[in-house]
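The basis for the numbers below is simple: all heavy atoms, side chains too, and nothing from hydrogens, waters or symmetry mates.
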Amino acid sequence: MKRRIVDRWFPANAMGQGGLSARRRYRLVIYLAVAAIVICSFFMFFGRYLKEKNKDPWTLMAVYRVTADGKRVLENYPVYYYPDYVFVNGIHYKIEEFVDGQPVTEPEWPKYYQVETEIVKVSNFDEMMGGVFWLLPVVIVFAIVEIIMNYCSFYRPTKSIYLMKRFRSGAELNRRCLTMPIIMILVSVLVCVGLGALYYWVYCNYTIPERLPDRITVNIGRMLLWWS
């Protein structure tokens, strides 16, 4: 009984005992689509995330010149520097350490210079997720093509459409043509949503809090359908 019910989910080329291999192929396509989405999104997201995370040593620095009357004049902003070196006003300074927020350098840091540092923020979550699930639209298009092919399978080569017309329920044909492609789409969307939630958790919990944007935005459309 269970086998008969499951068989009703498949089109003409997968009906009956002779369609066993075709039914297996349908299931295999779903497994492969999900696996491709998982693997591709994993490498795309973590490739971007680790690239952003590795920018931790880089800091945004504003350099001020202190005038004789004690006023501060903005000299350089922004200046990106690595912890060991900074290039300001044509001079390359090697930073030995920071004391009270001011660098101790070689050559000596000018006494009339002051610096303020700020940790660079990582890209917002929706920017980092842009196009990560680019395979989802491909799966949706493939499923639509599959639906068209399923309907065509009842008209050739065995003309199974006449068998479908004998059923009292007019939904039998639609059920056989739509079920598996819709299952493929739904499973793929659910997997993307689950992975998106996982990536969001990683983004929020494994990023230095000071580097997180002031307002984290999540754009579902960009995450699931856009390549940007």
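- The distance from atom OG of S188 to atom CG of L135, rounded to the nearest 0.5 Å, is 9.5 Å.
- When hydrophobic clusters are built by joining Ile, Leu, Val, Met, Phe, Trp and Tyr residues whose side-chain heavy atoms come closer than 4.5 Å, directly or via intermediates, L50 is grouped together with L212.
- Clustering ILVMFWY residues whenever any of their side-chain heavy atoms sit less than 4.5 angstrom apart, transitively, puts V189 in a cluster other than the one holding Y31.
- Closest heavy-atom contact between E106 and E96: CB-OE2, 3.9 Å.
- Minimum interatomic distance between M184 and V29 (heavy atoms only, all atoms of both residues): CE-CG1, 3.4 Å.
- Considering all non-hydrogen atoms of both residues, F125 and F45 come closest at CE1-CE1, 4.2 Å.
- The 12-atom threshold is not exceeded at CZ of F42, counting heavy atoms of other residues, nucleotides or ligands nearer than 6.0 Å.
- One hydrophobic cluster, built from ILVMFWY side chains closer than 4.5 Å, cannot hold both W109 and V104; they sit in different ones.
- Side-chain atoms of S41 come within 3.5 Å of backbone N or O of V38 as a donor-acceptor pair.
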task = Give the intermediate values and the outcome of side chain to side chain contact (heavy atoms under 4.5 Å, CB included) for residues M180 and E146.
result = CA-CA 9 Å; M180 295 308 293; E146 191 66 30; over 6 Å; no
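- Hydrophobic clustering (ILVMFWY, side-chain heavy atoms < 4.5 Å, transitive): V122 and W201 are in one cluster.
- Residue Y199 comes nearest to M129 through the heavy atom pair CD1-CE, 3.7 Å, listed as atom of the first residue, atom of the second, then distance.
- For the pair V218 and D126, the minimum side-chain heavy-atom distance is 4.5 Å or more.
- In this structure a side-chain-to-backbone donor-acceptor pair under 3.5 Å is missing from Y26 to P181.
- Of the possible donor and acceptor atoms, one in the side chain of N124 sits under 3.5 Å from a partner among the backbone N and O of T217.
- With rounding to the nearest 0.5 angstrom, the OG1 atom of T105 is 10.5 Å from the CD atom of E97.
- The minimum heavy-atom distance between V132 and R48, with the atom names listed, is CG2-NH1, 3.7 Å.
- Rounding to the nearest 0.5 angstrom, the gap separating the OG1 atom in T207 from the CD atom in E52 is 9.0 Å.
- Minimum heavy-atom separation, Y93 to P107: CD2-O, 3.5 Å.
- The distance from the CD1 atom of I185 to the CG atom of L190 is 12.0 Å, given to the nearest 0.5 Å.
- Judged purely by atom type and a 3.5 angstrom limit, K53 uses its side chain to pair as donor or acceptor with the backbone of Y206.
- Atom CD1 of I37 and atom CG of L32 lie 11.5 Å apart (nearest 0.5 Å).
- Separating the OH atom in Y113 from the CD atom in Q102 is a distance of 13.0 Å, to the nearest 0.5 Å.
- Counting heavy atoms of neighbouring residues, nucleotides and ligands inside a 6.0 Å radius, atom CG of D69 exceeds 12 of them.
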